[in-house]
Amino acid sequence: MRKRELLIKRDQLIVRKFHELYDVKRKRMDDVLRELSQDYFFLDEQYLYRLIFYVKRNNEYYNNLLNSSR
């Protein structure tokens, strides 16, 4: 697999985990970002936030998850 494909898979996993913790388990945003950062992905919290909400592909995937869970 190419590096780009791996990054896309990683990003989707981050978005799915965020959705699970924030929308399904109803944890607070700052707690979710801290947990993702410290326990799962070892990336900066602000980087994770930008990755989820400011990268178009990831944000569209997150919105799809939201719409499918309703």
Side-chain angles (χ1 to χ4, degrees):
M1 238 185 239
R2 293 179 35 201
K3 182 179 176 182
R4 177 164 168 70
E5 292 168 349
L6 291 174
L7 287 174
I8 290 171
K9 284 185 162 208
R10 181 208 64 182
D11 290 354
Q12 286 182 337
L13 182 60
I14 288 171
V15 172
R16 277 195 312 270
K17 193 65 181 174
F18 175 83
H19 171 68
E20 174 191 333
L21 295 172
Y22 184 68
D23 298 307
V24 177
K25 293 188 177 181
R26 311 290 290 172
K27 292 184 177 185
R28 289 175 16 156
M29 172 85 67
D30 58 333
D31 292 337
V32 169
L33 292 170
R34 187 176 312 108
E35 187 172 338
L36 290 174
S37 174
Q38 295 176 1
D39 298 339
Y40 294 101
F41 299 105
F42 312 105
L43 297 167
D44 181 68
E45 293 172 29
Q46 291 180 355
Y47 177 79
L48 289 166
Y49 182 86
R50 286 191 306 270
L51 193 86
I52 296 166
F53 293 104
Y54 291 104
V55 175
K56 184 179 179 187
R57 178 184 64 246
N58 296 335
N59 190 261
E60 287 173 353
Y61 182 60
Y62 176 64
N63 287 324
N64 287 338
L65 289 173
L66 280 176
N67 291 333
S68 68
S69 65
R70 291 181 181 166

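If you read the sequence from its start, that first residue is 1, and numbering goes on from there.
Distance OH/Tyr22 to CG/Leu65: 14.5 Å, rounded to 0.5 Å. Here the CG atom belonging to Leu43 is positioned 5.0 Å from the CG atom belonging to Leu48, to the nearest 0.5 angstrom. Here the CG-CZ distance, from Leu21 to Arg28, works out to 14.0 Å after rounding to the nearest 0.5 Å. Atom CG of Asn58 is separated from atom CZ of Arg50 by 13.0 Å, given to the nearest 0.5 angstrom. Put simply, CG on Leu36 and CD1 on Ile14 are 7.5 Å apart, with the number rounded to the nearest 0.5 Å. In this structure, CD on Glu35 lies 11.0 Å from CD on Glu45, to the nearest 0.5 angstrom.
Between the side chains of Asn63 and Asn59, at least one donor N or O lies within less than 3.5 Å of an accepting N or O.
In this structure, Tyr61 has its ring center no closer than 6.0 Å to that of Phe18.
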Full working for side chain to side chain contact (heavy atoms under 4.5 Å, CB included) between Tyr40 and Leu13: CA-CA 10 Å; Tyr40 294 101; Leu13 182 60; over 6 Å; no
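Judged by distance alone, with hydrogens and angles left aside, the side-chain atoms of Ser37 form no donor-acceptor pair with the main-chain N or O of Phe42 at under 3.5 Å.
Looking at heavy atoms from C-beta onward, Asp39 lies out of side-chain contact with Lys17 at the 4.5 angstrom threshold. Looking only at side-chain heavy atoms (C-beta outward), Ile8 and Glu5 stay at 4.5 Å or farther from each other. By the 4.5 Å heavy-atom criterion applied to side chains, His19 and Val24 are counted as neighbours.
At a threshold of 4.0 Å, the pair Arg57-Glu60 does not count as salt-bridged, since none of the basic side-chain nitrogens sits closer than that to a carboxylate oxygen.
Residue Asp44 comes nearest to Gln46 through the heavy atom pair OD2-N, 3.1 Å, listed as atom of the first residue, atom of the second, then distance. Of all heavy-atom pairs spanning Ile52 and Val15, the tightest one is CG1-CG2, 4.3 Å. Minimum heavy-atom separation, Leu33 to Tyr49: CD1-CD1, 4.0 Å. Considering all non-hydrogen atoms of both residues, Arg10 and Tyr47 come closest at NH2-OH, 3.4 Å.
More than 12 non-hydrogen atoms from other residues, nucleotides or ligands lie less than 6.0 angstrom from OH of Tyr62.
Cluster membership check: Leu7 does not share its hydrophobic cluster with Phe53, using side-chain heavy-atom separations under 4.5 Å among Ile, Leu, Val, Met, Phe, Trp and Tyr.
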